[in-house]
Number of protein chains: 2
Amino acid sequence: MKKRLTISDIARLAGVGTTTVSRVLNQDPKVKPETRHRVEQIIAEAGYAPSPSARAMRTQRQQVVGVIVSRLDSASEHQAVRAMLQVLEQAGYEVLLMESGFSSDKVAEHLNWLRLRQADGAILFAFSGLALDGQADWQDKLVVMARRYPGFSSVCYDDKGAIGLMLEHLWRQGVRRPAYVGVELRDSTTGQQRLEAYLDFCRAQDIAPHYRLGGLSHQAGLEAARLLLKEQADTDALVCASDTLALGAAKYLQQSGKAATLTGIGNNELLRFLFPAVASVDLGYPQAGTAAARQLLAQIEQGRPIAELALPCRLVSTD
Amino acid sequence: MKKRLTISDIARLAGVGTTTVSRVLNQDPKVKPETRHRVEQIIAEAGYAPSPSARAMRTQRQQVVGVIVSRLDSASEHQAVRAMLQVLEQAGYEVLLMESGFSSDKVAEHLNWLRLRQADGAILFAFSGLALDGQADWQDKLVVMARRYPGFSSVCYDDKGAIGLMLEHLWRQGVRRPAYVGVELRDSTTGQQRLEAYLDFCRAQDIAPHYRLGGLSHQAGLEAARLLLKEQADTDALVCASDTLALGAAKYLQQSGKAATLTGIGNNELLRFLFPAVASVDLGYPQAGTAAARQLLAQIEQGRPIAELALPCRLVSTD
DNA sequence: GTGAAAGCGCTAACAG
DNA sequence: CTGTTAGCGCTTTCAC
């Protein structure tokens with residue numbers, strides 16, 4: 001039962017004052033190099049690490065940030081989270097992962113909790129219906145992912161660009177009657193923006209739009225595919241707003257024996273494995289995660305102003 | 001810019017000493033009900049919450065536990081984690097989720113970090129090759145998931161039982177030549193135990209074992225299915241050691257047009273959606289998570305001794 | 001350059 | 001039952 005070392009133990013061992021040790025710990029330049037060296041030596045030998053709580057208490061900075069994802073097991077969010085962890089932990093922050101389950105109340109709850117906990121900042125994966133009303137005090141220490149939110153920093157994917165990219169790709173491949181499997185419009189990005197991109201394309205190419213909007217589940221994708229192909233049998237491609245929907249649509253194509261080029265968005269691993277022919281768009285999740293984490297750090301550490309970031313996307317296809 | 005309230009602010013507002021407020025905060029019974037009531041009133045009105053750092057510093061209890069998963073986006077681990085979060089957060093603990101990526105070094109790193117951070121405990125999802133050597137000080141505050149580890153508490157799934165259950169089910173359905181898609185033996189649970197259960201069954205029914213061991217990926221499942229069916233075309237069932245493998249095997253069956261009853265383990269949602277005919281075994285992930293969290297809390301809060309827990313499993317089938 | 005000393009907000013003796 | 005007091009381990013004036 002060895003007692004934990006304190007700063008004064010180190011001070012005594014090094015024959016200096018606690019102040020000096022503290023200065024070494026905090027990279028304060030006002031320490032003679034040789035003194036610094038000796039102290040560092042002792043610290044390393046003793047395996048000493050300063051108490052985060054004591055430090056936090058003194059400085060009022062917890063070195064803690066919360067990351068609120070919608071689902072912990074979402075493959076796309078996970079990619080972004082992994083990148084965030086890298087940046088934030090590197091910077092000495094503790095990361096508290098929490099799950100919203102697409103509930104605005106749950107977000108408020110988590111945010112309140114983080115406030116009580118005096119967290120230094122947070123990153124929040126947005127979803128349709130997200131409300132950040134009584135959260136004005138988070139304005140300069142919160143980054144919203146996946147959609148813009150007035151008054152807060154945000155990092156967005158290129159929703160319109162992704163669909164546009166895909167449609168142009170298909171057009172080059174000879175597709176002329178692409179139908180669209182989308183998401184309800186109350187979802188502003190995956191829903192509205194992606195549909196809009198589809199409609200824009202139809203207008204530009206002068207073709208009649210043909211689409212279905214629904215939920216985000218596999219089942220929704222299957223159902224939409226079924227209806228679209230039933231309504232217009234000459235549809236030559238199903239452009240899905242997400243890889244999850246594409247997985248559902250793929251199942252329908254398979255079980256019905258019908259044929260159509262199928263595409264998704266999200267660069268999902270399982271989709272690529274099961275249905276390699278399905279093209280997808282990589283939205284740049286890791287890059288988004290890195291960008292969000294950096295933006296947050298710059299805001300809370302250097303007072304950088306709020307910013308709305310946008311990321312480029314990239315086509316993923318086997319042909 | 002309102003300053004954060006402290007315990008003495010509350011004490012002053014309530015016209016009592018800080019000790020009394022502290023007692024109210026800590027549910028100490030030695031407070032006159034009416035005093036308590038008044039203090040609680042003030043606390044609520046002022047929206048006061050005690051500083052966790054100050055508290056931690058004083059009590060030497062951080063109210064923090066780490067949870068080290070192998071992959072944050074693993075569906076099965078996620079189910080267990082969700083249940084853990086529920087229990088631990090309920091008990092007032094902060095949960096730090098970390099990822100090992102199946103690396104023993106990474107585990108050591110995280111554990112060291114948690115030690116420095118003075119975390120009160122940890123839950124670790126085991127994997128093959130896990131080594132907990134220099135971690136003796138974690139013995140009474142660590143719970144290992146998914147396999148036993150001498151000297152530590154653990155919560156295990158019923159690996160042998162799951163395969164046994166499945167084989168008996170198939171036998172009743174008339175299956176007589178079940179082949180087994182397994183995992184390398186250096187994985188003691190998913191690998192060894194499940195294979196053993198298969199071999200036991202073969203011995204009991206006096207049939208010739210026919211199996212392949214490989215990795216845990218979809219691709220491995222596909223490959224194993226291909227080889228097994230090539231080697232023995234009269235195989236009437238492919239019993240897979242996991243739903244991931246089953247997904248790979250399902251793809252093979254589909255693309256090759258061959259037929260065989262297929263089963264997995266893990267009750268994976270996507271597998272159920274894409275291939276509803278595939279029976280699976282529910283290993284009880286949420287229950288395992290709850291059990292692990294409770295065990296950990298009991299150990300660190302009440303000194304309950306180390307224990308090796310085992311969970312029952314349950315067949316999931318559409319027929 | 002360096003150290004002594006004063007707290008940060010809280011809890012745990014110890015008195016009343 | 002309640003208040004006074006002494007720190008927990010650290011950073012930060014303010015002297016030297």
Side-chain angles (χ1 to χ4, degrees), chain A residues 1-40 42-43 46-64 92 94 115-120 301, chain B residues 1-40 42-43 46-64 92 94 115-120 301:
Chain A
M1 196 61 212
K2 58 169 180 237
K3 256 184 97 67
R4 203 186 154 86
L5 293 160
T6 75
I7 198 173
S8 41
D9 292 325
I10 301 300
R12 191 159 10 83
L13 286 166
V16 297
T18 63
T19 313
T20 303
V21 179
S22 174
R23 288 204 178 101
V24 170
L25 252 23
N26 294 286
Q27 328 271 28
D28 188 319
K30 293 139 87 76
V31 182
K32 210 196 302 180
E34 47 184 280
T35 315
R36 162 178 309 260
H37 212 72
R38 187 155 38 92
V39 173
E40 280 172 343
I42 303 279
I43 288 179
Y48 162 78
S51 148
S53 339
R55 204 168 216 173
M57 179 152 168
R58 205 39 247 250
T59 60
Q60 303 289 22
R61 296 180 64 231
Q62 311 292 317
Q63 298 279 97
V64 165
E94 204 150 285
R115 186 184 357 254
L116 290 183
R117 196 66 180 85
Q118 305 178 86
D120 302 305
E301 294 189 341
Chain B
M1 196 60 212
K2 58 171 180 235
K3 255 185 99 67
R4 204 183 155 86
L5 293 161
T6 77
I7 198 172
S8 40
D9 292 326
I10 302 300
R12 190 157 13 82
L13 286 166
V16 298
T18 63
T19 312
T20 303
V21 179
S22 174
R23 288 204 178 101
V24 171
L25 253 22
N26 295 285
Q27 329 271 27
D28 188 319
K30 294 138 89 76
V31 182
K32 209 198 303 182
E34 47 184 279
T35 315
R36 162 177 310 261
H37 211 72
R38 185 154 40 92
V39 174
E40 280 171 343
I42 303 279
I43 289 179
Y48 161 78
S51 147
S53 345
R55 205 168 216 174
M57 181 153 168
R58 194 54 243 247
T59 60
Q60 304 288 24
R61 297 179 63 233
Q62 310 294 317
Q63 298 281 95
V64 165
E94 202 152 286
R115 185 181 359 251
L116 290 183
R117 192 66 181 82
Q118 306 177 84
D120 302 303
E301 294 188 341

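Bear in mind that the values here come from a model prediction, so they are computed numbers and not experimental data. Lettering of chains follows the sequences in order, A, B, ..., and the numbering in each one begins at 1.
Considering every non-hydrogen atom in both A/L5 and A/A46, the closest pair reads CD1-O, 3.4 Å. Closest approach of B/M57 and A/A54 over heavy atoms only: SD-CA, 3.5 Å.
Nucleic acid contact for A/T6: sugar-phosphate only, since backbone atoms but no base atoms lie under 4.0 Å from a heavy atom of the residue. Using a 4.0 Å heavy-atom distance criterion, A/S22 is classed as a base contact.
For residues 47-61 of chain B, the side chain to side chain donor-acceptor pair (under 3.5 Å) pairs, not counting sequence neighbours, are A/Q62-B/S53, B/N26-B/R55, B/R61-B/Q63, B/R61-B/Y93.
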Interface polar pairs with nucleotides 14-16 of chain D, N/O, under 3.5 angstrom:
none

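B/R12 places no side-chain N or O within 3.5 Å of a backbone atom of B/G17 that could act as its donor or acceptor partner. Between the side chain of B/R36 and the backbone N or O of B/Q27 there is no donor-acceptor pair closer than 3.5 Å.
The side chain to side chain contact (heavy atoms under 4.5 Å, CB included) check on A/T6 picks up A/S8, A/D9, with sequence neighbours excluded. Scored by the side chain to side chain donor-acceptor pair (under 3.5 Å) test, B/R117 finds A/E94 as partners (sequence neighbours excluded). Scored by the salt bridge (charged side-chain N to carboxylate O under 4.0 Å, His left out) test, B/R38 finds no partners at all (sequence neighbours excluded). Annotation: salt bridge (charged side-chain N to carboxylate O under 4.0 Å, His left out) contacts of B/R115 (sequence neighbours excluded): B/D137.
Under the side chain to side chain contact (heavy atoms under 4.5 Å, CB included) test applied with A/R23, the options A/D28, A/T18, A/T35, A/V16 reduce to a single match, A/D28.
Of the residues in residues 48-60 of chain B, those placing a heavy atom less than 4.0 Å from an atom of DNA chain C are B/Y48, B/P50, B/S51, B/A54, B/R55, B/R58, B/T59, in numerical order. Near DNA chain D, meaning a heavy atom under 4.0 Å from it, residues 24-33 of chain B has B/K30, B/V31, B/K32 in order of number.
Counting 5' to 3', DNA chain C first comes under 4.0 angstrom of a heavy atom of chain B and last does so at the ends given by C/dG9 to C/dC14.
Contact between the side-chain N/O atoms of B/T20 and the OP1/OP2 oxygens of D/dG3 is found at a separation under 4.0 Å.
If you measure from atom CD1 of A/I10 to atom P of D/dC10, you get 9 Å, rounded to the nearest angstrom. D/dG9 atom P lies 22 Å from atom CZ of A/R61, rounded to whole Å. Taking atom CG on B/L116 and atom C1' on D/dG9, their separation rounds to 15 Å, with Å as the unit. Atom NE2 of B/H37 and atom P of D/dT2 are 15 Å apart (whole Å).
Each of B/R36 and A/T18 was assigned the nucleotide of DNA chain D with the nearest heavy atom; the assignment lying further toward the 5' end belongs to B/R36.
We find the CD1-CG distance between B/I43 and B/L25 to be 5.0 Å, quoted to the nearest 0.5 Å.
In this structure, the helix from C/dG1-D/dC16 to C/dG16-D/dC1 shows an angle of 40° between the axis at its start and the axis at its end, each fitted on 5 base pairs and rounded to 10°.
At least one side-chain heavy atom of A/S22 sits under 4.5 Å from a side-chain heavy atom of A/I7.
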